[in-house]
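Reviewing the structure listed below.
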Amino acid sequence: MGSKKMTVVSLMLRSLPLVLLLLSFDGIGQELKVMTFNIWHGGRETGEEEGPRRVVDVIRDSGADVVAMQETYGSGARIAEALGYHLYLRSANLSIMSRYPIVDTLDAYEPFNSGAVIIDVHGKQVVVASNWLNFPFDYWDMLEKDEPIDSAQWQRAFSGEKNTGILREILNKLNPAIENSGRIPVIICGDFNSGSHLDWIKDARDLNKGYVMPFPATLLMESRGFTDAYRAIYQDPLMCRGITWTPIRQEAHQDRIDYVFYKGSSIRPTAAEVINTHAEVFPSDHAAVVVAFYLTD
């Protein structure tokens, strides 16, 4: 009996941050579900025809209203048409698909790395960006092979131009929208090719081959006032890891590298999930992340 009471109390405490988020709103709002999804070479790695169809299945079944896509590679129009969504094709790599009208595009960094739009959700405007960052070296492969990594060099490399340097340029370009986030909320999504400082903590070092790593890209997002939506819902990285890399190779070092960040006084996350399964074959080497947001006027 005592253990049951403790379990109930524990669940209530873990739910408290989400309850406080929801109670912080006044008035009537609406839901917006946003997905970030690197579909792996246009989704065709599991079949030229079947792969993109499976990507459509994943998106449709999730109920996502907006998809920030990476590695679009020739499949954008086909996927958007199958969903009946509006499409903004920023580059061969990046696209944004939306159930709601795309009313404007924003000045963004290099097309391969960043694209941003304004969507109209029943009269409520929202900025959504899709991004892709490079990685200076493959630390996942090194960890899988138990190769040692110098932590200072690791952090220094990911602070540089191939990862956080790209993100810094992206945020600088989007700064007018970011500064206006009090009026129009901003959602920044993408494949960051980087772990999170919220996950690679001391308590989780056993999950990360003994390493603690304050990844600079996610720290930069935090310093610019953005919140990691998945971690806002699931605050304990030991209980809910949110792994997105990689669903196709369980022997690979498992990491969370795909994100949905948000900023603004009229937006809060209410739910989040990682999607890494399909009834046939999951079409990507990245899991998709879907976040439900509550929007107010």
Side-chain angles (χ1 to χ4, degrees), residues 17-37 62-70 85-86 88 90 94-109 114-131 167-168 170-192 196 198 217-235 258-273 288-297:
L18 178 57
V19 172
L20 293 176
L21 280 174
L22 296 176
L23 290 177
S24 66
F25 276 117
D26 295 318
I28 299 174
Q30 54 196 326
E31 184 181 75
L32 178 70
K33 294 187 77 173
V34 177
M35 170 186 282
T36 188
F37 196 9
S62 75
D65 301 303
V66 180
V67 183
M69 188 172 289
Q70 303 86 44
Y85 281 14
H86 303 273
Y88 171 57
R90 170 63 169 164
L94 300 179
S95 62
I96 298 172
M97 301 175 189
S98 174
R99 185 191 309 275
Y100 300 106
I102 296 173
V103 297
D104 203 358
T105 60
L106 301 183
D107 187 24
Y109 185 57
S114 181
V117 302
I118 298 176
I119 61 173
D120 187 305
V121 185
H122 302 304
K124 172 72 173 179
Q125 291 191 340
V126 181
V127 171
V128 179
S130 180
N131 303 287
L167 180 60
R168 190 171 291 108
I170 289 170
L171 296 178
N172 287 343
K173 276 287 189 179
L174 293 177
N175 193 59
I178 295 170
E179 291 295 318
N180 194 41
S181 61
R183 190 172 68 86
I184 300 177
V186 178
I187 302 172
I188 291 183
C189 309
D191 173 5
F192 277 43
S196 170
L198 298 176
T218 54
L219 280 168
L220 176 60
M221 292 298 293
E222 189 175 276
S223 73
R224 294 297 296 269
F226 283 89
T227 300
D228 179 338
Y230 186 86
R231 276 287 162 255
I233 299 295
Y234 302 110
Q235 297 192 338
D258 301 85
Y259 302 95
V260 177
F261 289 93
Y262 71 94
K263 183 176 183 179
S265 58
S266 61
I267 181 171
R268 288 292 184 275
T270 60
E273 66 173 321
V289 181
V290 183
V291 177
F293 288 102
Y294 183 69
L295 306 174
T296 60
D297 296 331

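Note that the coordinates shown come from a computational prediction; the quantities given were computed from them, not determined experimentally.
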Checklist outcome for this item: By salt bridge (Lys or Arg N to Asp or Glu O under 4.0 Å), R231 pairs with (sequence neighbours left out) D199
Item to check | Full working for side-chain contact (heavy atoms from CB on, under 4.5 Å) between Q70 and L94 | outcome: CA-CA 5 Å; Q70 303 86 44; L94 300 179; 3.7 Å; yes
Checklist outcome for this item: salt bridge (Lys or Arg N to Asp or Glu O under 4.0 Å) filter on R168, not counting sequence neighbours, yields none
Next on the checklist: Going by side-chain hydrogen bond (donor to acceptor under 3.5 Å, both in side chains), name the pairs with one or both residues in residues 118-129, residues two or more places apart or in two chains.
Outcome noted: K124-S266
Next on the checklist: Among residues at least two apart in sequence or on other chains, which ones pass side chain to side chain donor-acceptor pair (under 3.5 Å) with S95?
Outcome noted: T72
Next on the checklist: Which residues pass the ring pair (Phe, Tyr, Trp, His ring centres under 6.0 Å) test with F261, not counting sequence neighbours?
Outcome noted: F192, Y259
Checklist entry - Hey, does V34 have a side-chain heavy atom less than 4.5 Å from the side chain of Y262? => result no
Checklist outcome for this item: Of all heavy-atom pairs linking L171 and I178, the shortest is O-CD1, 3.7 Å
Checklist entry - Can you tell if the side chain of I118 reaches within under 4.5 Å of the side chain of L106, non-hydrogen atoms only? => result yes
Checklist entry - How would you list, by chain and number, every residue that makes a salt bridge (Lys or Arg N to Asp or Glu O under 4.0 Å) with K173, sequence neighbours excluded? => result D107
Item to check | Residue list, ring pair (Phe, Tyr, Trp, His ring centres under 6.0 Å) with F226, at least two apart or on another chain | outcome: none
Checklist entry - For S62, what residues pass the side-chain contact (heavy atoms from CB on, under 4.5 Å) criterion, not counting sequence neighbours? => result M35, A64, I275, V290
Checklist entry - Considering only heavy atoms from C-beta outward, does the side chain of L174 approach that of V127 to under 4.5 Å? => result no
Checklist entry - Does the K263 side chain pair with the main chain of R224, one donor and one acceptor, at a distance under 3.5 Å? => result yes
Item to check | D258: side chain to side chain donor-acceptor pair (under 3.5 Å) partners, not counting sequence neighbours | outcome: T244, H286
Item to check | Heavy-atom side-chain proximity of N131 to L167 below 4.5 angstrom | outcome: no
Item to check | Which residues share a side chain to side chain donor-acceptor pair (under 3.5 Å) with T218, sequence neighbours left out | outcome: H197
Next on the checklist: Taking the side chain as everything from C-beta on, heavy atoms only, tell me whether R268 gets closer than 4.5 Å to T296.
Outcome noted: no
Item to check | Side-chain donor/acceptor of Y88 to backbone N/O of S98, under 3.5 Å | outcome: no
Checklist outcome for this item: For D228, the side chain to side chain donor-acceptor pair (under 3.5 Å) test, sequence neighbours excluded, returns R256
Checklist entry - How would you list, by chain and number, every residue that makes a side-chain contact (heavy atoms from CB on, under 4.5 Å) with A108, sequence neighbours excluded? => result R90, S114
Checklist outcome for this item: Nearest heavy-atom approach of G182 to S265 is O-OG, 3.3 Å
Checklist entry - Do R99 and V121 pass the side-chain contact (heavy atoms from CB on, under 4.5 Å) test, and can you show the C-alpha distance, the side-chain angles, and the key distance before you say yes or no? => result CA-CA 9 Å; R99 185 191 309 275; V121 185; over 6 Å; no
